[in-house]
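All ligand and atom numbering here is 1-based and tracks the order in the structure. Owing to the predicted nature of the structure, the values given are computational and were not obtained by experimental measurement.
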Amino acid sequence: MNVAAAADAIRRGLLVGMPTETVYGLAANALDARAVLSVFEAKGRPRFDPLIVHCADVAMARTVAHFSPRAERLAALWPGPLTLVLPRLPCIPDAVTAGLDSVAVRIPDHPLALALIRAAGVPLAAPSANRFGRISPTTATHVAEQLGEAVAGILDGGPCRIGVESTVLRPDPSPIVLRPGGVTREQLAQALGEPVALADRNARSAALPQEAPGMLASHYAPRAPLRLRAAGEAWPADAALLAFTGADLPSGAVSAVLSRTGDLPEAAANLFALLRRLDATAPRAIVAELVPDSGLGEAINDRLRRAAGLG
Ligand code: TXA
Ligand code: MG
């Protein structure tokens with residue numbers, strides 16, 4: 001599907017598979033409550049889990065949310081993998097925010113996403129284009145496999161550059177990351193000139209659904225049970241193995257390596273596609289090791305823990 005046809009489908013209240021720099025989104029007109037409700041239906045997503053509104057530029061973002069001084073500073077990181085949770089303005093229907101008085105907004109850094117939003121002329125509500133609780137899609141084929149029936153079409157932008165979802169940040173009253181993602185806390189702290197907290201995972205899971213329901217344990221799960229390799233544990237022989245650099249992988253094992261050189265951006269870009277590849281071998285179990293917990297490692301480890309069902 002091309003951008004003009006996709007924009008036409010959006011204006012008619014239909015759903016479109018949209019590439020972004022993070023993962024593919026399932027996009028609908030954010031101002032059309034009926035279209036937004038069909039997103040929840042297509043994904044099998046509970047209505048209490050609010051959606052991100054994707055805008056083409058800051059001027060459009062200002063029509064959906066109120067910008068505080070901190071939000072203004074963070075908008076300098078757009079377009080990019082950063083979602084801001086801000087006070088919502090009245091044009092956004094309750095279906096998008098699950099009735100919250102805040103709305104999640106971002107400007108994606110992908111030419112096809114930006115072209116689609118501009119051509120449609122409306123902000124787009126888009127969750128990741130996977131069935132609820134499954135692995136997020138980083139190629140158009142992934143979207144077609146899980147949601148091909150539900151969409152009017154898919155814009156194929158090739159594999160996603162970042163590979164993990166955007167960082168969800170609430171700037172006020174003090175900046176806190178609700179979901180680690182493609183922008184690191186170091187980058188956020190630098191843009192703000194103050195420290196940025198990370199919401200405690202367990203507290204957040206308990207506080208859900210009202211705060212960040214997408215962070216429920218067992219999100220991003222493959223079909224095979226996934227567990228984390230314990231520190232010092234040898235790789236097991238009877239599972240599919242997901243390694244960071246693969247230096248100590250046994251030969252002959254069903255395995256995948258996130259980044260041979262230990263590069264965290266490369267590891268993030270590979271994460272979901274490799275999880276799918278291992279899952280497709282129908283293993284008894286998948287065993288994955290955590291990566292260093294700095295920079296993008298925070299987002300990667302968050303997704304691995306959730307795939308393992310740990311809050
Ligand atoms: O990178 C991304 O963010 C991708 C691409 C498609 O843009 N989208 C994405 O959407 O990951 P989704 O729906 O899978 O995750 C949205 C996250 C959820 O954790 C949700 O709970 C949180 O954003 N969220 C949305 N609105 C919120 C709000 N008003 N307050 C707090 N959290 C909110
Ligand atoms: Mg998602």
Engineer: Would you say Leu249 ends up clustered with Leu242 if hydrophobic residues are merged whenever their side chains have heavy atoms under 4.5 Å apart, either directly or through other cluster members?
Structural biologist: no

Engineer: Does any N or O atom in Arg179 lie less than 3.5 angstrom from one in ligand 1, N or O only?
Structural biologist: yes

Engineer: At a threshold of 2.8 Å, where the distance has to be below it, does the Mg ion (ligand 2) have an N, O or S atom of Ser136 nearby?
Structural biologist: no

Engineer: Return the option from Gly25, Ser166, Ala129, Pro137 holding the heavy atom at the smallest distance from atom 2 (C) of ligand 1.
Structural biologist: Ser166

Engineer: Looking at Pro127, which atoms of ligand 1 are within less than 4.0 Å of one of its heavy atoms?
Structural biologist: 10 (O), 12 (P), 13 (O)

Engineer: Return yes when Thr97 approaches ligand 1 closer than 4.0 angstrom through a heavy atom, no otherwise.
Structural biologist: no

Engineer: Ion pair present between Arg47 and Asp94, side-chain N to carboxylate O less than 4.0 angstrom?
Structural biologist: no

Engineer: Is Arg70 paired with Glu194 through a side-chain N to carboxylate O contact shorter than 4.0 Å?
Structural biologist: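 Yes, Glu194 and Arg70 are salt-bridged.
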
Engineer: What do you reckon, does His54 put a non-hydrogen atom under 4.0 Å from ligand 1?
Structural biologist: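 Yes, His54 has a heavy atom closer than 4.0 Å to ligand 1.
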
Engineer: Does any N or O atom in Thr20 lie less than 3.5 angstrom from one in ligand 1, N or O only?
Structural biologist: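 No.
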
Engineer: What atoms in ligand 1 come closer than 4.0 Å to a heavy atom of Thr22?
Structural biologist: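 That gives atoms 1 (O), 2 (C), 4 (C), 5 (C) of ligand 1.
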
Engineer: Under a heavy-atom criterion of less than 4.0 Å, does Arg170 contact ligand 1?
Structural biologist: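 No, that is not the case, since the closest heavy atom of the residue is not under 4.0 Å from the ligand.
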
Engineer: Mind checking whether Arg45 contacts ligand 1 via backbone (N, CA, C, O), side chain (CB onward), both or neither, at a 4.0 Å heavy-atom cut-off?
Structural biologist: side chain

Engineer: Just to be sure I read this right, does ligand 1 sit under 4.0 Å from the backbone of Arg106, its side chain, both, or neither, counting only heavy atoms?
Structural biologist: side chain

Engineer: How long is the gap from CG on Leu77 to CZ on Arg106, to the nearest 0.5 Å?
Structural biologist: 12.5 Å

Engineer: Report yes or no: does a heavy atom of Arg88 sit under 4.0 Å from some atom of ligand 1?
Structural biologist: no

Engineer: Looking only at non-hydrogen atoms, which of Gly163, Pro19, Ser128 approaches atom 10 (O) of ligand 1 most closely?
Structural biologist: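 Selected option, by shortest heavy-atom distance: Ser128.
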
Engineer: Taking Arg303 for its side chain and Ala307 for its backbone only, find out whether a donor-acceptor pair lies under 3.5 Å.
Structural biologist: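 Answer holds: no.
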
Engineer: For ligand 1, which atoms sit closer than 4.0 Å to a heavy atom of Asp49?
Structural biologist: 20 (C), 21 (O)

Engineer: Can you tell me if Arg11 uses its side chain to pair, donor with acceptor, with the backbone of Ala119 under 3.5 Å?
Structural biologist: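 Flag set: sc Arg11 to bb Ala119 pair under 3.5 Å.
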
Engineer: Can you tell me if CD on Glu186 sees more than 12 non-hydrogen neighbours from other groups inside 6.0 Å?
Structural biologist: yes

Engineer: Below 4.0 angstrom from a heavy atom of Leu100, which ligand 1 atoms are there? Numbered from 1 as shown, please.
Structural biologist: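 Ligand 1 atoms under the 4.0 Å threshold to Leu100: 28 (C), 29 (N), 30 (N).
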
Engineer: Going by the order shown, which atoms of ligand 1 are within less than 4.0 Å of some heavy atom of Ala104?
Structural biologist: 25 (C), 26 (N), 27 (C)

Engineer: For Ser102, take its heavy atoms, then give the atoms of ligand 1 lying under 4.0 Å from any of them.
Structural biologist: 28 (C), 29 (N), 30 (N)

